[in-house]
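Input: a single structure, listed below in structure tokens.
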There are 2 protein chains.
Amino acid sequence: MSSAPRSARGPRPGSNARVASIDYGNLHAHYGYALKRAQIAAFDAFARATAGMQMTPPRYTALVILQANPGISQSALGSALGTARSGAMMLTDWLVRRDLAERRHRTDNKRAWGLYLTCEGAALVVRLKRRVFAHDQRVAARLTARERRELLRLLEKFTE
Amino acid sequence: MSSAPRSARGPRPGSNARVASIDYGNLHAHYGYALKRAQIAAFDAFARATAGMQMTPPRYTALVILQANPGISQSALGSALGTARSGAMMLTDWLVRRDLAERRHRTDNKRAWGLYLTCEGAALVVRLKRRVFAHDQRVAARLTARERRELLRLLEKFTE
DNA sequence: TATTGTTATACTCTATAACTATA
DNA sequence: TATAGTTATAGAGTATAACAATA
């Protein structure tokens, strides 16, 4: 994929490529280390799946949550994302600026907005999901179908 | 663990706690999402294991790599960490300032340093490894021994 | 008194680029 | 011409704190 001349300067920053000449000790026995590397690989796949769409994992997550929870408040969105209210605010601003989501006044609570996807937003989520899931399968191609299910199951059990 | 009054404001920022009232769609079917959440859990365990020691995952990784590769150059350390040279520089500065590592001149190449752990650094790595591995086991306690091995194996296969 | 949204601020992390000295 | 180290800078991401409006 990369083509710029990098000479013998090693892997580009942000990569998780393993360097043959280096002894990594027992780093790979740490869940944190192994998870971080796998996560970088998965996020690389996400970046390829959404290239040129100015998408990020948090933005994608927000879109999916808005799709599944129409009318949710900004604070609740923040909780779902595990981010502070101010972060949910900026995320929402971005979505609104792109006409992917809109804030609607609530009748029951004048403090909170109800957040909804626009038509474009709803269409985009559908398109995005297809692309991201397709790249997910590609990056996990090394695993058998059984291993893929098992990985997700173990991750869930580990996190819970 | 937490005790500050947070009322009903939901999980604190940076947490990956699941909110019962929210529909997460099929987010959990994405490797990136599942991996990110698991990684947060693992890094939380790392933070608990190293509380008050001003340790971070990159610092710990650097210490382990220095332990396994005495005399390594800063650039090679950067490659191993997947970070830019400038990042390896600041990391090394931090270690040197704490008397955990030292730069030694090389006879064969006057451009590059050779990096070595000091006695304190070597002692610290041993202590850290014990603590981090102990907390690793605790966070993975929900998994059986077989599942733990399988998780690490699948992560490795996924990343490679 | 607590919550929602908002804004401003600060901090961490890390990539990029330019420079120097060696090779 | 390329590499190792250094330094300065910039950007992304995100937490904290304070405030007004509402509950």
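Proteins get letters first, then strands, A, B, ... in listed order; numbering begins at 1 in each. Bear in mind that the values here come from a model prediction, so they are computed numbers and not experimental data.
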Could you work out which one of [options] sits closest to the side chain of [X]?
X: A:P58; options: D:dT14, C:dG5, D:dA4; value: D:dT14
X: B:S73; options: D:dG13, D:dA15, D:dA4; value: D:dA4
X: B:A112; options: D:dA4, D:dA15, D:dT7; value: D:dA4

Figure out the [atom1]/[atom2] separation between [X] and [N], and round it to whole Å.
X: B:W94; N: C:dT12; atom1: CH2; atom2: C1'; answer: 15 Å
X: B:R104; N: D:dA4; atom1: CZ; atom2: C1'; answer: 19 Å
X: A:W113; N: C:dT3; atom1: CH2; atom2: C1'; answer: 16 Å
X: B:M90; N: C:dT12; atom1: CE; atom2: P; answer: 12 Å
X: B:R59; N: C:dT14; atom1: CZ; atom2: P; answer: 11 Å
X: B:D93; N: D:dG5; atom1: CG; atom2: P; answer: 12 Å
X: A:R12; N: C:dT14; atom1: CZ; atom2: C1'; answer: 15 Å
X: B:M89; N: C:dT16; atom1: CE; atom2: P; answer: 18 Å

Determine all donor-acceptor pairs shorter than 3.5 Å in which one atom belongs to a side chain in residues 60-78 of chain B; sequence neighbours excluded.
from	atom 1	to	atom 2	distance (Å)
B:Y60	OH	A:H30	NE2	2.8
B:T61	OG1	B:P57	O	2.8
B:Q67	OE1	B:K129	NZ	2.7
B:N69	OD1	A:D23	N	2.8
B:N69	ND2	A:D23	O	2.6
B:N69	ND2	B:I65	O	2.8
B:S73	OG	B:A76	N	3.1
B:Q74	OE1	B:R103	NE	2.8
B:Q74	OE1	B:R103	NH2	2.8

Mark yes or no for whether A:R59, through its side chain, and A:Q54, through its backbone, hold a donor-acceptor pair below 3.5 Å.
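Yes: the side chain of A:R59 pairs with the backbone of A:Q54.
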Any chance you could list the contact pattern along nucleotides 17-23 of chain C? Use B for base contacts, S for sugar-phosphate-only contacts and - for none, protein heavy atoms under 4.0 Å, 5' to 3'.
-B---BS
Salt bridge (Lys or Arg N to Asp or Glu O under 4.0 Å) contacts in which one or both residues fall within residues 142-151 of chain A, not counting sequence neighbours:
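Checked against salt bridge (Lys or Arg N to Asp or Glu O under 4.0 Å) - neighbours excluded - the pairs reaching residues 142-151 of chain A are A:E147-B:R153, A:E147-B:K157, A:E150-A:R153.
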Need to verify one output field. Residue with the more 5' nearest nucleotide on DNA chain D, B:G14 or B:S75?
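Closer to the 5' end of DNA chain D: B:S75.
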Taking OP1 and OP2 of [N], is either one under 4.0 Å from a side-chain nitrogen or oxygen of [X]?
X: A:Q74; N: C:dT3; answer: no
X: B:R103; N: D:dT6; answer: yes
X: B:T83; N: C:dA15; answer: yes

Any cation-pi pair here, B:R104 with B:W113, using under 6.0 Å and within 45°?
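No, B:R104 does not sit over the ring of B:W113.
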For a 4.5 angstrom cut-off between non-hydrogen side-chain atoms, does B:R37 reach B:R18?
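In short, these two side chains touch, coming nearer than 4.5 Å.
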Is the B:H28 ring parallel, tilted or perpendicular to the B:Y33 ring (thresholds 30°, 60°)?
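Perpendicular: the ring planes of B:H28 and B:Y33 meet at over 60°.
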Look at the rings of A:Y31 and A:F158 and say which category their plane angle falls in: under 30° parallel, 30 to 60° tilted, over 60° perpendicular.
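Ring orientation, 0 to 90° scale: tilted.
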Which comes earlier along DNA chain C counting from the 5' end, the contact point of A:A76 or that of A:S15, where each point is its nearest nucleotide?
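The residue mapped nearer the 5' terminus is A:A76.
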